[in-house]
Amino acid sequence: QVQLVESGGGLVQPGGSLRLTCAVSGSISRVSAMGWSRQAPGKQREWVARMTASNITTYPTSMKGRTTISRDNSKNLIYLEINNLRPEDSAVYFCYVQLTGTYWGQGTQVTVSS
């Protein structure tokens, strides 16, 4: 069973930056893909960033240019950096990895407010 634990969320002012970390219990070098999604109250979960095994990254239009997904295989960590945060970025952020199935973390709350 693969376990994922997100950290790094909190309260950030508009225009600020944040780096979220996802610690994976197993080796991430063998996953087929990994990524981040988020869910705001009353809204559907939406994807934020994705990375394939060959390090190809994709982002939705709303996140392009201010979001970066990266990983550290030696530490089994997945990162998400978001710059120029907006109030509408407030949500619970979840990381996931794809192996034979998809495994999710419990999420970390990000609140963007002045």
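All values reported here derive from a predicted model rather than from experimental measurement. Computation of the quantities below employed the complete heavy-atom set of this structure, encompassing side-chain atoms and omitting hydrogens, waters and symmetry-equivalent molecules.
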Exercise for review: Check the pair Ser27, Ser29 against side chain to side chain donor-acceptor pair (under 3.5 Å), reporting the backbone distance first and the verdict last.
Suggested key: CA-CA 5 Å; Ser27 172; Ser29 61; 2.6 Å; yes

Exercise for review: Begin with the C-alpha distance, continue with both residues' side-chain angles, and end with the deciding distance and a verdict on side chain to side chain donor-acceptor pair (under 3.5 Å) for Thr52 and Ser54.
Suggested key: CA-CA 5 Å; Thr52 67; Ser54 54; 3.1 Å; yes

Point to revise | Residue pair Ile69, Arg50: steps toward the side chain to side chain contact (heavy atoms under 4.5 Å, CB included) verdict | key: CA-CA 7 Å; Ile69 182 173; Arg50 187 173 185 268; 5.8 Å; no

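Between Arg38 and Ala91, the closest heavy-atom pair is CB-CB, 3.9 Å. Contact record, Pro60 with Val48: CD-O, 3.1 Å, taken as the closest heavy-atom pair. Across all non-hydrogen atoms, the minimal contact from Ser114 to Pro14 is N-CD, 3.6 Å. Closest heavy-atom contact between Leu20 and Tyr93: CD1-CB, 3.5 Å. Across all non-hydrogen atoms, the minimal contact from Val110 to Gly9 is CG2-CA, 4.1 Å.
Here the CZ atom belonging to Phe94 is positioned 9.0 Å from the OG atom belonging to Ser37, to the nearest 0.5 angstrom. Taken from OH in Tyr59 to CE in Met51, the straight-line distance is 6.5 Å, to the nearest 0.5 Å. Once rounded to the nearest 0.5 Å, the distance linking OH of Tyr79 with CG of Asp72 reads 5.0 Å. Atom CE of Met34 is separated from atom CD1 of Ile28 by 4.5 Å, given to the nearest 0.5 angstrom. Separating the CZ atom in Arg66 from the CZ atom in Arg86 is a distance of 3.5 Å, to the nearest 0.5 Å. Atom-to-atom distance recorded for Leu85:CG and Ser17:OG is 6.5 Å, nearest 0.5 angstrom.
The shortest distance between side-chain heavy atoms of Ile78 and Val24 falls below 4.5 Å. The closest side-chain heavy-atom distance from Glu46 to Met63 is not below 4.5 Å.
Summarising the local packing, CD of Gln106 is surrounded by 12 or fewer heavy atoms from other residues, nucleotides or ligands at distances under 6.0 Å.
Linking Ile, Leu, Val, Met, Phe, Trp and Tyr residues whenever their side-chain heavy atoms come within less than 4.5 Å leaves Trp47 and Trp36 in two separate clusters. Taken together through direct or relayed side-chain contacts under 4.5 Å among Ile, Leu, Val, Met, Phe, Trp and Tyr, Ile82 and Tyr96 form parts of separate hydrophobic clusters. Leu77 and Val5 sit in two unconnected hydrophobic clusters of ILVMFWY residues. Membership requires side-chain heavy atoms under 4.5 Å apart, directly or through other members. Residues Trp104 and Val92 fall within the same hydrophobic cluster, defined by Ile, Leu, Val, Met, Phe, Trp and Tyr side chains chained together at heavy-atom separations under 4.5 Å.
In this structure a side-chain-to-backbone donor-acceptor pair under 3.5 Å is missing from Glu6 to Cys22.
Every residue two or more places apart in sequence or in another chain was checked for a salt bridge (charged side-chain N to carboxylate O under 4.0 Å, His left out) with Arg19, and none qualifies.
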